[in-house]
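For ligands, and for the atoms within them, numbers begin at 1 and follow the listed sequence. Values below: every heavy atom of this structure, side chains too, minus hydrogens, waters and symmetry copies. From a predicted model like this one, the values you see are computed outputs, not experimental measurements.
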Amino acid sequence: MSNIEQTLSIIKPDAIERNLQDKIKNEFKNNGFEIAKEKKIHISKQEAEQFYKVHETKPFYNDLCNYLSSGPIIVMALQKNNAVLDNRKLMGATNPKEAEEGTLRKKYGISIDKNSVHGSDSLDNAKIELEFFFKS
Ligand code: CMP
């Protein structure tokens, strides 16, 4: 059965800084994702705080928002069957040290903060996050 979804993906500043964007985009394409929307942006700290609002009570919130606003990022709407879950599988665990072999965070991530990619964790959050960056 077909279950086409879109999920939000972010290529984070550490990956852009190392010029990994084309490699990472190819990983998505080679794994059946269509990049339906894409833009390169540099967000403010306030925008990062809004984006990561669900984490506002976490001890790492301030560093996380400083980091996401520290340099350019690429935001994408990735589309395929079961896009949300499949993107999470492709990314691997949040901490690159715990991510499985072959996953994006294992291959490209440096640390739990500089983990190269973000992906929505549920279909509901995907809708909220896509709306945040690609207001219709
Ligand atoms: P991301 O999927 O973008 O969502 C929130 C981010 O917070 C996460 O990736 C990590 O880069 C970052 N982060 C930093 N410390 C932690 C932590 N202890 N647990 C979870 N996420 C963390």
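Scanning all protein heavy atoms for the shortest distance to atom 11 (O) of ligand 1 gives Ile112 O, 2.6 Å. Among protein heavy atoms, atom 19 (N) of ligand 1 sits closest to Phe60 CE2, 3.7 Å. The nearest protein atom to atom 1 (P) of ligand 1, hydrogens excluded, is given as His118 ND1, 3.4 Å; this is a heavy-atom distance. Looking from atom 14 (C) of ligand 1 to the surrounding protein, the closest heavy atom is Asp113 OD1, 3.3 Å. Among all non-hydrogen protein atoms, the one lying nearest atom 6 (C) of ligand 1 is Leu64 CD1, 3.6 Å. Residue, atom and distance of the protein heavy atom nearest to atom 4 (O) of ligand 1 are Tyr52 CE2, 3.7 Å.
Here the NZ-CD1 distance, from Lys80 to Ile35, works out to 13.5 Å after rounding to the nearest 0.5 Å.
By the 30° and 60° cut-offs, the orientation of the rings of His118 relative to Phe51 is perpendicular.
The closest side-chain donor-acceptor pair between Asn62 and Lys45 falls under 3.5 angstrom. Counting only N and O atoms by type, the side chains of Asn125 and Ser120 include no donor and acceptor under 3.5 Å apart.
Close approach to Thr94 involves these atoms of ligand 1, each under 4.0 Å from a residue heavy atom: 8 (C), 9 (O), 10 (C), 21 (N). Residue-ligand proximity, Lys12 to ligand 1, at heavy-atom distances under 4.0 Å covers atoms 1 (P), 3 (O), 9 (O), 11 (O).
Arg105 counts as a contact of ligand 1, since one of its heavy atoms falls under 4.0 Å from the ligand.
At least one donor-acceptor pair under 3.5 Å links the side chain of Glu47 to the backbone N or O of Ser44.
The residue Asp63 has no part lying near ligand 1, judged by heavy-atom distances below 4.0 Å.
Within the 4.5 Å cutoff, the side chain of Phe133 has no heavy atoms near those of the Met76 side chain. Using a 4.5 Å heavy-atom cutoff, the side chains of Phe33 and Asp86 are in contact.
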